[in-house]
Amino acid sequence: MEDSEQAVLAGMLQSAEDAAPVDAVEAVTGVIATALNALGVSLLIADLSGRALVRLTHQPAGGGAGRRHGEEEAEVLPFDGGPYEEALRQQTPRVIPGDGEWSVLAPVTDRGEAIGLLEIDLPDEPDGDVVRRVAHAAHALAFVVIANRRHTDLFEWGQRTTPFSLSAEIQRRLLPASFTCEGGAFTLSGWLEPAASVGGDTFDYSLARNVLHLSVTDAMGHGVASALTATLGVGSLRNTRRRGAGLVAQAEEANRAVAEHANVRGAYVTAVLGRIDLTTGRCELLNAGHVPPLLVRDGRVVPVELPGNFPLGMFPGESYRSGDLALLPGDRLVVVTDGMRERNAADLDLPGELLRLAHLHPREAVRALSDAVLAAAGPVLDDDATLLVVDWYDGHGPRRSTAGADAARVSPDQERSAHRRG
């Protein structure tokens, strides 16, 4: 890395440290703008719907219409297949010529989590070195956003283009901080398409040194009661997992917790719990009354056969059993909730869609599957539709990454398309 670029990155980090959390992004993008003699610079953060970008921070400050909250302003840019959507979905920079200026769009990404885009307006056409510098700055900006969003609601507000109900707020807090994680041996991504009245779905994962933990749960009912039941289930699973307990012990403890503490009589939670040994590909799975997981292998989609168990909370003293699956390089493991198969989505050929989307990065596959459910069931779902996709590559260890995304998952066509668009 050149000395000038190191100085810019050092200045970015110092500016982020000196600024208040709500001002950190603006301070950092100001450093980038000065270093590149930029006409303007913006952070466009990914909307929670996965179907738009939100221009949240602009330096220097600009006017224009948009959502307002006090002094904050957010402009929504729905995806339209253009360069903004391409840059985010394909994780490659885009250079756009304009009227007397040029714009560089670079993904703001960490471990495959597509946080948004950095947009920089320049007076002259940028060469490859400038584009590379912008890409590195965008990667550094991802860490600034991650560090500062812990302390403020600003970023969360920007991502919410529609208001949340109380049950949706509770459900949101049960989901992992990042919906995507790339590792040397795997890539994982989850997605939740909420029903009109939240249906209690969650997904979760945690990466240990040599083990990937995962879960998908579906609490009975809708609304706040369902969200509270889900809280019991997820809280218990996380607690026992963090104490080092195995899948069976996690399930049995969650079963007791839901049965004992749920404030709705007869409440229960269906679940698939998983534990993947990253050194061997051995995948232990436990199905507690849930839709069976699906395995995409060699052009076929087959359900994973597992021992049967009752849902969590249905019978307090019940014992549980798990099963094993040996993952092979190229496998895709898919866990869904019954909202993906509810009556209004009955026309969706889920196995066919999984095969059609097999070439996509898991981050894009879960969103495409969610779109397919909405197309089949209508814009308002009767039940939450949740997906968790794990691609298995083998080779546990360091991953090949470029500016926050896994370089091994970028096709040559995507790399070539990073050049200037006319």
Side-chain angles (χ1 to χ4, degrees), residues 1-47 53-64 66 69-75 77 84 87-88 91-96 101-123 126 129-159 177-178 180 401-405:
M1 185 181 297
E2 297 179 359
D3 291 342
S4 60
E5 190 171 354
Q6 288 182 331
V8 170
L9 291 176
M12 288 171 57
L13 294 175
Q14 189 61 53
S15 296
E17 285 292 308
D18 293 343
V22 294
D23 298 323
V25 168
E26 189 172 14
V28 167
T29 52
V31 172
I32 302 168
T34 300
L36 295 176
N37 297 315
L39 303 174
V41 54
S42 301
L43 169 67
L44 292 87
I45 199 162
D47 176 65
L53 287 162
V54 180
R55 193 187 307 277
L56 186 61
T57 300
H58 189 70
Q59 172 72 23
H69 179 71
E71 297 180 355
E72 307 298 341
E73 183 174 296
E75 177 190 359
L77 287 72
Y84 288 87
L88 187 75
Q91 289 295 292
T92 51
R94 292 287 184 271
V95 179
I96 310 171
E101 64 182 46
W102 299 75
S103 295
V104 181
L105 307 175
V108 178
T109 303
D110 172 59
R111 283 199 169 272
E113 180 194 2
I115 297 170
L117 294 178
L118 174 64
E119 180 183 39
I120 293 186
D121 302 322
L122 300 171
D129 182 62
V130 170
V131 173
R132 179 183 58 80
R133 291 177 63 189
V134 173
H136 286 168
H139 186 201
L141 184 58
F143 294 95
V144 173
V145 173
I146 291 169
N148 285 278
R149 69 185 179 188
R150 299 173 300 168
H151 308 298
T152 174
D153 287 336
L154 175 63
F155 303 105
E156 183 87 13
W157 168 79
Q159 292 180 284
S178 172
T180 298
S401 61
T402 301

* Asked: Tell me, which pairs form a salt bridge (charged side-chain N to carboxylate O under 4.0 Å, His left out) where one or both residues lie in residues 141-151, sequence neighbours left out?
  -> E113-R149

* Taking only residues at least two apart or on different chains, which pairs with a member in residues 27-41 satisfy salt bridge (charged side-chain N to carboxylate O under 4.0 Å, His left out)? -> none

Could you tell me which non-hydrogen atom of [X] sits nearest to which non-hydrogen atom of [Y], and how far apart they are?
{"X": "V104", "Y": "P126", "answer": "CG2-CG, 3.7 Å"}
{"X": "R94", "Y": "T92", "answer": "NH1-OG1, 2.7 Å"}
{"X": "V31", "Y": "S15", "answer": "CG2-OG, 3.1 Å"}
{"X": "P107", "Y": "A138", "answer": "O-CB, 3.3 Å"}
{"X": "I120", "Y": "V41", "answer": "CG1-CG2, 3.7 Å"}
{"X": "A24", "Y": "A16", "answer": "CB-O, 4.3 Å"}

Separation of [Y] [atom2] from [X] [atom1] (nearest 0.5 Å):
{"X": "L117", "Y": "L77", "atom1": "CG", "atom2": "CG", "answer": "9.5 Å"}
{"X": "L44", "Y": "R55", "atom1": "CG", "atom2": "CZ", "answer": "4.5 Å"}
{"X": "D121", "Y": "S42", "atom1": "CG", "atom2": "OG", "answer": "6.5 Å"}
{"X": "E101", "Y": "I96", "atom1": "CD", "atom2": "CD1", "answer": "10.5 Å"}
{"X": "L53", "Y": "I45", "atom1": "CG", "atom2": "CD1", "answer": "9.5 Å"}

* To do: Check V28, T29, L105, L43 against L118 for a side-chain contact (heavy atoms from CB on, under 4.5 Å) and give me the one that passes.
  => T29

* Mind checking what makes side-chain contact (heavy atoms from CB on, under 4.5 Å) contact with A20, not counting sequence neighbours? ->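 A20 satisfies side-chain contact (heavy atoms from CB on, under 4.5 Å) with V22, D23 only.
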
* Sequence neighbours excluded, which residues qualify as side-chain contact (heavy atoms from CB on, under 4.5 Å) partners of P21? -> N148, H151, T152

* To do: With side chain to side chain contact (heavy atoms under 4.5 Å, CB included) as the test, would you mind laying out the steps for V145 and D110 before giving the verdict?
  => CA-CA 10 Å; V145 173; D110 172 59; over 6 Å; no

* Taking only residues two or more places apart in sequence or in another chain, which ones pass ring-ring contact (aromatic ring centres under 6.0 Å, His included) with Y84? -> none

* Can you find a heavy atom in the side chain of M12 that is under 4.5 Å from one in the side chain of I32? -> yes

* Using the test side-chain hydrogen bond (donor to acceptor under 3.5 Å, both in side chains), find all partners of N37 that sit at least two apart in sequence or belong to another chain. => none

* Residues that E156 engages under side-chain hydrogen bond (donor to acceptor under 3.5 Å, both in side chains), provided they are two or more places apart ->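 E156 satisfies side-chain hydrogen bond (donor to acceptor under 3.5 Å, both in side chains) with R160, R172 only.
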
* Tell me, with the steps shown, if I115 and F155 meet side chain to side chain contact (heavy atoms under 4.5 Å, CB included). => CA-CA 10 Å; I115 297 170; F155 303 105; over 6 Å; no

